[in-house]
Amino acid sequence: MFDDLRGFIHKLEQKGQVTKVEGADWELEIGTINELMVERKKPIVLFDKIKGYPQGYRLVTNVFRTGIALRIGLGIPEQLSDVEVIRYWKDVCDQYKPVPPVEVDSGPVMENVLNGEQIDIFRFPAPRWHEGDGGRYIGTGNVIVTRDPDEGWLNVGTYRVMVHDERTLGFYISPGKHGAVMREKYWAKGQNCPVVICFGQEPQLFAAASANVPWGVSEFDFAGYTRGRPIEVIRGPITGLPIPATAEIAIEGFSPPPSVDSRTEGPFGEWSGYYASAAREEPVVSIEAIYHRNDPILLGQPPAEPGGTGTYPLPIHTASPLWTALEKSGMQGIKGVWVHGPSNRIVVVVSIQQRYLGHAKQVATAAAALIQGEGGTGRYIIVVDDDIDVANWEQVMWAIYSRCDPETSINIVPGYLSSPIDPVLPPEKRGRRDFTQTRVIVNACKPYHWINQFPPVNRASPELRKKVLDKWSQLFA
Ligand SMILES: Cc1cc2nc3c(=O)[nH]c(=O)nc-3n(C[C@H](O)[C@H](O)[C@H](O)COP(=O)(O)O)c2cc1C
């Protein structure tokens, strides 16, 4: 496993996954090169000699965005199929045992320590990624560390970060996310919220920070577990929060209550494919210190493909945690979980072996409650029988057509949390800060009470298929 982002990039270079670009401008050129590369399925780009910046101050984009990079980054066997990857990662999540971080005295992130007058976040080549963006976004592949002031545990989340000025950052967290709940607890006590933000860190910590890890579980402990050894951290001299020792760039700072300071954040070209949340007042972080490695590498994970799969090529961040959550909540007979649609977030498909009347509806409502995320995540929940491949959209559509009677098997349930980046949120709802969405629950399983009379499927039986395959093996080689 990798100690840092640069070790991971080196491995990706050896596998021929990285394109190098020199001389690009942070003002829209990097973002547009990135977008064109994503369209051409060459998403991992290492930018150097960025206009106006010293050689060595680099930026890498989309490190997880190919199937092979995802497997390498998370230590998943490279030969596993896409469906097997989701099950493998779900099995990893199931067996989670906390591996807490260990404190060390120093590390590479402390190669350069900047305080007082030296603080200037423009030292780093943060791009303006999209033409409609309201500013430069240094944080798209970042992680933000906060400590719950009541419970004491550490959250690490990926939330976007915009540059306001040399010493001030804006950070947008969707309502209900763990980082949002924690900062609001400080503000309710009239306190500033201490934060550490890393802009470039090892792959496992980034993966944990951007996936649905349950409330109360620290992503530091989770990433330590998935990488097989603890994350090394340095106690931040100003906030006392842990700073990952091998981070490329980190800041320590404080977020004051919004009544004291908040600034216009956005618009930003969001993963939904729109600038949906426009520009609004959002909380800020006042930077108290900057730490960085020599020749630092910023990690960029900007949205670059409206409707595409986004940061991860497979729903490892949504389907695997949901599968674990369903089983931990006591649901029986779960055979597969997949999440289709933009950023692998929107259409949840769960296959089950039906065991009792109401089983499919129970699993569907549990999945609707357990899938979390912003911007319309989990808008459609579909439960299918276990002869349907959850990853195969044509098979799912066949089940919806043939096993779901719309009059009795579809429910439209309002009141689930979405977020300001949901493009279809009507202006009047947005205006009163009602960021809730409706979820559609589709029971596309054979009706349980007459399952034995359901028409048989006209596919050759497994025995006949095997017999024919064996006899005609050269035809199907
Ligand atoms: C590249 C990337 C960027 C993200 N940006 C944001 C963001 O700006 N705001 C936000 O609330 N969530 C964002 N997310 C989603 C959160 O990281 C994700 O929901 C995570 O589970 C939040 O952690 P938490 O559950 O500890 O709050 C992003 C995810 C990824 C992969």
Quick one: are Thr32 and Leu36 in side-chain contact, heavy atoms under 4.5 Å?
-> yes

Output the distance between atom CG (Leu370) and atom CE (Met331), rounded to the nearest 0.5 Å.
-> 8.0 Å

Which residue pairs satisfy the salt bridge (charged side-chain N to carboxylate O under 4.0 Å, His left out) criterion with at least one member in residues 114-142, sequence neighbours excluded?
-> Glu27-Arg128

Determine which pairs satisfy ring-ring contact (aromatic ring centres under 6.0 Å, His included) with at least one residue from residues 256-283, sequence neighbours left out, and list them in order.
-> His130-Phe268, Tyr137-Phe268

Residues that Arg87 engages under side chain to side chain contact (heavy atoms under 4.5 Å, CB included), provided they are two or more places apart | Asp91, Trp323

Starting at CG of Leu298, measure out to OH of Tyr53 and round the result to the nearest 0.5 Å.
-> 9.5 Å

Smallest separation among heavy atoms of Asn34 and Pro43, with atom names = OD1-O, 3.9 Å

What pairs of residues pass the ring-ring contact (aromatic ring centres under 6.0 Å, His included) test when at least one of them lies in residues 160-201, not counting sequence neighbours?
-> His178-Trp215

Partner set under side chain to side chain contact (heavy atoms under 4.5 Å, CB included) for Asp4, not counting sequence neighbours = Arg6, Thr246, Arg293

Side chains of Phe220 and Pro244: does their closest heavy-atom pair fall under 4.5 Å?
-> yes

Can you check whether Glu327 reaches Ile334 side chain to side chain, under 4.5 Å on heavy atoms?
-> yes

Pairs in or reaching into residues 68-85: which pass salt bridge (charged side-chain N to carboxylate O under 4.0 Å, His left out), with residues at least two apart or in two chains?
-> Lys15-Glu78, Arg71-Asp82

Test: Arg263 and Asp165 ion pair at under 4.0 Å | yes

Please name all residues satisfying side chain to side chain contact (heavy atoms under 4.5 Å, CB included) with Val92, sequence neighbours left out, ordered by chain then number.
-> Tyr88, Trp89, Tyr225, Thr226

Reported SG-to-CZ distance for the pair Cys198 and Phe206, which is rounded to 0.5 angstrom | 12.0 Å

Test side chain to side chain donor-acceptor pair (under 3.5 Å) applied to Glu111 and Tyr291, step by step = CA-CA 7 Å; Glu111 281 166 356; Tyr291 313 100; over 6 Å; no

Quick one: side-chain hydrogen bond (donor to acceptor under 3.5 Å, both in side chains) partners of Asp94, sequence neighbours excluded?
-> Lys90, Thr324

Rounded distance (nearest 0.5 Å) linking atom CG of Leu417 with atom CD of Gln437 = 8.0 Å

CD1-CD distance between Ile231 and Gln201, expressed to the nearest 0.5 angstrom | 9.5 Å

Check against side chain to side chain contact (heavy atoms under 4.5 Å, CB included), Val350 and Val390 | CA-CA 7 Å; Val350 183; Val390 288; 5.9 Å; no

Strictly under 6.0 Å, is that where the ring centroids of Tyr380 and His340 end up?
-> no

Is there a side chain to side chain donor-acceptor pair (under 3.5 Å) between Thr264 and Glu281 once you walk through the steps?
-> CA-CA 4 Å; Thr264 305; Glu281 293 294 287; 3.0 Å; yes

Do Leu46 and Glu13 have side-chain heavy atoms sitting under 4.5 Å apart?
-> yes

Main-chain N/O of Ala278 paired to Arg280 side chain as donor or acceptor, under 3.5 Å | yes

Worked check of side chain to side chain donor-acceptor pair (under 3.5 Å) between Tyr312 and Ser210 | CA-CA 10 Å; Tyr312 300 99; Ser210 58; 2.6 Å; yes

Side chains of Met162 and Glu282 in contact at under 4.5 Å (non-hydrogen atoms) = no

Pairwise salt bridge (charged side-chain N to carboxylate O under 4.0 Å, His left out) hits with a residue in residues 166-181, at least two apart | Lys177-Glu374

Val63 backbone acceptor or donor facing Gln301 side chain under 3.5 Å = yes

Do the side chain of Arg227 and the main chain of Arg229 share a donor and acceptor less than 3.5 angstrom apart?
-> yes

Any salt bridge (charged side-chain N to carboxylate O under 4.0 Å, His left out) pairs touching residues 300-318, not counting sequence neighbours?
-> Lys41-Glu305, Arg65-Glu305

Separation of Thr168 OG1 from Ile121 CD1 (nearest 0.5 Å) | 10.5 Å

Can you run down the ring-ring contact (aromatic ring centres under 6.0 Å, His included) pairs that involve residues 226-253, sequence neighbours left out, and say none if there aren't any?
-> none

For the side chain of Lys429 and the backbone of Thr436, is there at least one donor-acceptor N/O pair under 3.5 Å apart?
-> yes

Quick one: does Val21's side chain get under 4.5 Å of Ile33's, heavy atoms only?
-> yes

Partners passing side chain to side chain contact (heavy atoms under 4.5 Å, CB included) against Gln79 (at least two apart in sequence or in another chain) | Pro77

